[in-house]
Amino acid sequence: MADTLSGIVWILYIVLGYWSVGQTIYANKIIIGPMGTLWIKRFILGFMFGWVLIPVAIIKCLIFR
């Protein structure tokens, strides 16, 4: 049971990290390049800095709605 819950939390963290990078770092920017490179870079940034970017993106969405 604990392994399943841990897996769900990790998947949720990765998804929210990916979303938060789009809401904070890449917001209002035009990015040109290969799609694979852009996806991987966004995924890595979300994984590494999600602990900071997720709360910032949620606050940004709530304030600037």
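Positions are given from 1, in the same order as the sequence printed here.
Distance check: Ser20 OG to Ile58 CD1 gives 8.5 Å after rounding to the nearest 0.5 Å. One distance of note links CH2 of Trp19 with CG of Leu53; it measures 10.5 Å at 0.5 Å rounding.
For Ile40, the side-chain contact (heavy atoms from CB on, under 4.5 Å) criterion is met by Ile44, not counting sequence neighbours. A search for ring pair (Phe, Tyr, Trp, His ring centres under 6.0 Å) contacts involving Phe43 returns Trp39, not counting sequence neighbours. Taking Tyr13 as the reference, Trp10, Phe47, Trp51, Ile54 meet the side-chain contact (heavy atoms from CB on, under 4.5 Å) condition, with sequence neighbours excluded. Under the rule for a side-chain contact (heavy atoms from CB on, under 4.5 Å), the partners of Leu12 that lie at least two apart in sequence or sit in another chain are Leu16. Applying the ring pair (Phe, Tyr, Trp, His ring centres under 6.0 Å) rule to Tyr26 yields no partners; only residues at least two apart in sequence or on another chain are considered.
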Less than 3.5 Å apart, which donor and acceptor atoms pair up between the side chains of residues 30-38 and the rest of the protein, not counting sequence neighbours?
none

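Shortest non-hydrogen contact noted between Ala27 and Lys60 is CB-NZ, 3.6 Å.
Tracing side-chain contacts under 4.5 Å through hydrophobic residues (I, L, V, M, F, W, Y), one never reaches Ile14 starting from Ile8; they form parts of separate clusters.
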